[in-house]
Amino acid sequence: GAGVSQSPSNKVTEKGKDVELRCDPISGHTALYWYRQSLGQGLEFLIYFQGNSAPDKSGLPSDRFSAERTGGSVSTLTIQRTQQEDSAVYLCASSPTRRGVVGNEQFFGPGTRLTVL
Amino acid sequence: TQLLEQSPQFLSIQEGENLTVYCNSSSVFSSLQWYRQEPGEGPVLLVTVVTGGEVKKLKRLTFQFGDARKDSSLHITAAQPGDTGLYLCAQNSGGSNYKLTFGKGTLLTVNP
């Protein structure tokens, strides 16, 4: 079966431009996550979706970052007025929701490498 | 905020050697996951440990969860070049069962 896919795989943009990153989760997975991975910083949680709603947006670094999910499936992460410090790999993950299960496995996509010049 | 400390940060060894990497926290884990990430890919789950003192084996990989559930180790026997990658530990944070907090990882290189 298909795993999590992300597009584009690489994105180079100029400072100040807006970018949209797309995530297609595994079919049937109700939970979707966005993380950011910077060199030497590890994976940083950005936002979590359960269905189409985002009960936890606490990791979004500024109001230039936003995300939405439609149809309980595809999600888009938008960064407005990009800055050089936004350069990173943006990873999307999905998981089935299993109530009461500790340590739910997350399935990651290959990421989008964003470079802001 | 619980922080996960991983050590060593970098490890370069020859094929056939054994190695151990560590993951530590100042707080008790409810559970701990180990992931491996290869270049250009997302992390892939290796194992989840839940019970203090638990030991799990996955072929040449042995995972231990400390009795006090504040530390974990990953031991690889007879490392192979295919073991090369970034090894990450992660735990559920903030009392949730969805948000993962990751350590910065151990970058392992196994030379043929």
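Order of the sequence lines fixes the chain letters, A, B, ..., with proteins taken first and strands second; residue numbering starts at 1 for each chain.
Residue B/Leu86 touches chain A through its side chain alone, counting heavy-atom pairs closer than 4.5 Å. Interface remark: A/Leu91 contributes side-chain atoms only to the contact with chain B (heavy atom separation under 4.5 Å). Looking at B/Gln37, only its side chain comes within 4.5 Å of chain A, counting heavy atoms on both sides. Heavy atoms of B/Leu88 lying under 4.5 Å from chain A belong exclusively to its side chain.
A/Tyr48 and A/Leu46 fall into different hydrophobic clusters, where Ile, Leu, Val, Met, Phe, Trp and Tyr side chains are chained together by heavy-atom contacts under 4.5 Å.
In terms of the salt bridge (Lys or Arg N to Asp or Glu O under 4.0 Å) criterion, residue partners of A/Arg22 (sequence neighbours excluded) are, by chain and number, A/Asp24.
Shortest non-hydrogen contact noted between A/Ser94 and A/Val4 is OG-CG2, 3.5 Å. Between B/Phe102 and B/Leu4, the shortest heavy-atom contact is C-CD1, 4.1 Å.
For residues 50-69 of chain A, the interface with chain B (any heavy-atom pair closer than 4.5 Å) comprises A/Asp56, A/Ser58, sorted by residue number.
Interface summary for chain B: among A/Gly42, A/Gly111, A/Pro110, the most heavy-atom pairs under 4.5 angstrom belong to A/Pro110.
Within the structure, the side chain to side chain donor-acceptor pair (under 3.5 Å) test picks out the following pairs touching residues 56-73 of chain B (sequence neighbours left out): B/Trp34-B/Ser72, B/Arg60-B/Asp83. Annotation: disulfide (SG to SG under 2.5 Å) contacts involving residues 41-84 of chain B, sequence neighbours excluded, are absent.
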Going through the checks in order, is the side chain to side chain contact (heavy atoms under 4.5 Å, CB included) test met by B/Val49 and B/Ser31? CA-CA 6 Å; B/Val49 286; B/Ser31 67; over 6 Å; no

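Residues A/Ser95 and A/Tyr33 have side chains that bring a donor and an acceptor to within less than 3.5 angstrom of each other.
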